[in-house]
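So the structure is just underneath, and the comments pick up after that.
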Amino acid sequence: MGYTKKNAQGFLVDKAGKVLEFNLSTNAGNTVREQLGRIFADEAKKVGVKVNFTPIDFNNLVNQLTAKGENRPFDAILLGLSGGSNVWSFGANVVPCGTNLHSYNNPTNGACATSQEQLMTKLYYQGDATLDGAKRRAIGAQILQAEGELQPVVYLVGGNYHVAYNERLGGEFTKAMMDAYYGSRRIALTFIK
């Protein structure tokens with residue numbers, strides 16, 4: 001990329017002295033994401049990349065994420081998207097081209113801009129319609145491979161639950177179902193026996 005030396009501040013620069021940098025935003029008030037953003041910027045600085053990290057209003061962040069066309073108003077966004085389930089974990093509003101949260105290569109007409117996006121869209125609908133679990137997992141692996149080649153998103157963290165169980169508690173999930181796969185017990189449905 002031509003960024004071979006560092007300036008006095010420790011950031012990589014090209015022959016013209018242009019700093020290797022990008023802007024990263026997240027939603028203000030989400031303390032976990034704000035901490036992750038600061039950690040990411042600090043770690044990037046160690047290898048010479050300047051990350052201009054800014055927490056912004058959530059509605060502004062979503063407007064940036066869903067903007068369409070050539071001049072989208074962001075470089076990178078730190079956000080948690082879901083929409084999948086434990087049966088088909090790929091979000092219906094995230095993976096397929098033209099959906100409301102398909103936020104990369106987002107032309108105004110909603111068309112897929114790359115062959116990887118076309119493949120991911122095709123595989124999304126194929127996997128969603130497949131009932132066989134092994135076939136569904138194989139299709140999901142193909143989606144992840146195409147996504148890995150395109151790199152529209154970088155997964156930083158995954159949720160995990162560490163459950164303490166008391167036999168006097170009752171609620172939605174049995175003891176065996178309280179884990180990172182099924183999620184945590186919903187507080188409103190938890191009760192003392």
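Numbering starts at 1 and runs along the sequence shown. What you are looking at is a predicted structure, and each value in this text was computed from that prediction instead of being measured. Side-chain atoms are counted along with the backbone in the values below, which use heavy atoms only and exclude waters and symmetry mates.
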Enumerate the residue pairs fulfilling salt bridge (Lys or Arg N to Asp or Glu O under 4.0 Å) with a member in residues 34-47, sequence neighbours excluded, ordered by first and then second residue. E43-K46
If I compare all heavy atoms of Y125 with all of T99, which pair ends up nearest, and what's the gap? OH-CG2, 4.5 Å
For residues 140-154, which side-chain N or O atoms pair as donor and acceptor with protein atoms under 3.5 Å away, sequence neighbours left out?
from	atom 1	to	atom 2	distance (Å)
E147	OE1	Y155	OH	2.8
E147	OE2	Y155	OH	3.2
Q151	NE2	G148	O	3.0

Would you say the side chain of T66 lies within less than 4.5 Å of the side chain of N100, judging by non-hydrogen atoms? no
For a quick test of your reading: what N or O donor-acceptor pairs under 3.5 Å do the side chains of residues 20-29 make, sequence neighbours left out?
from	atom 1	to	atom 2	distance (Å)
E21	OE1	N52	ND2	2.8
N23	OD1	N52	ND2	3.1
N23	ND2	D75	OD2	3.4
T26	OG1	L78	O	2.7
N27	OD1	R33	NH1	3.0

Name all pairs fulfilling the disulfide bond (SG atoms under 2.5 Å apart) condition that reach into residues 108-148, sequence neighbours left out, sorted by first residue then second. C97-C112
Residues in side chain to side chain contact (heavy atoms under 4.5 Å, CB included) with A41, at least two apart? V51, F53
Suppose clustering is done on Ile, Leu, Val, Met, Phe, Trp and Tyr with side-chain heavy atoms closer than 4.5 Å. Which residues sit in the same group as L131? none
For the residue pair V95 and H102, what are the closest heavy atoms and their distance? O-ND1, 2.9 Å
Side chain to side chain contact (heavy atoms under 4.5 Å, CB included) involving N71 - partner list, sequence neighbours excluded: none
Is any side-chain heavy atom of I77 closer than 4.5 Å to a side-chain heavy atom of L61? yes
Is L36 reachable from V47 through a run of hydrophobic residues whose side-chain heavy atoms are each under 4.5 Å from the next? yes
Taking the side chain from T121 and the backbone from P96, do they hold a donor-acceptor pair closer than 3.5 Å? no
Y124 side, atom OH; L119 side, atom CG - distance, nearest 0.5 Å: 15.0 Å
Sequence neighbours excluded, which residues qualify as side chain to side chain contact (heavy atoms under 4.5 Å, CB included) partners of S103? L65, R72
If you count the non-hydrogen atoms of other residues, nucleotides and ligands that lie under 6.0 Å from CZ in F40, is the total more than 12? no
Listing, residues 7-17 side-chain donor-acceptor contacts under 3.5 Å, not counting sequence neighbours, or none:
from	atom 1	to	atom 2	distance (Å)
N7	OD1	Q9	N	3.0
N7	OD1	G10	N	3.0
N7	OD1	F11	N	2.9
N7	ND2	Q9	OE1	3.3
D14	OD1	A16	N	3.0
D14	OD1	G17	N	3.1
D14	OD1	K18	N	2.8

K68: partners by side chain to side chain contact (heavy atoms under 4.5 Å, CB included), with sequence neighbours left out: N106, T108
Applied to residues 16-46, the disulfide bond (SG atoms under 2.5 Å apart) test, sequence neighbours excluded, yields none
For residues 113-139, which residue pairs qualify under salt bridge (Lys or Arg N to Asp or Glu O under 4.0 Å), counting only residues two or more places apart or in two chains? none
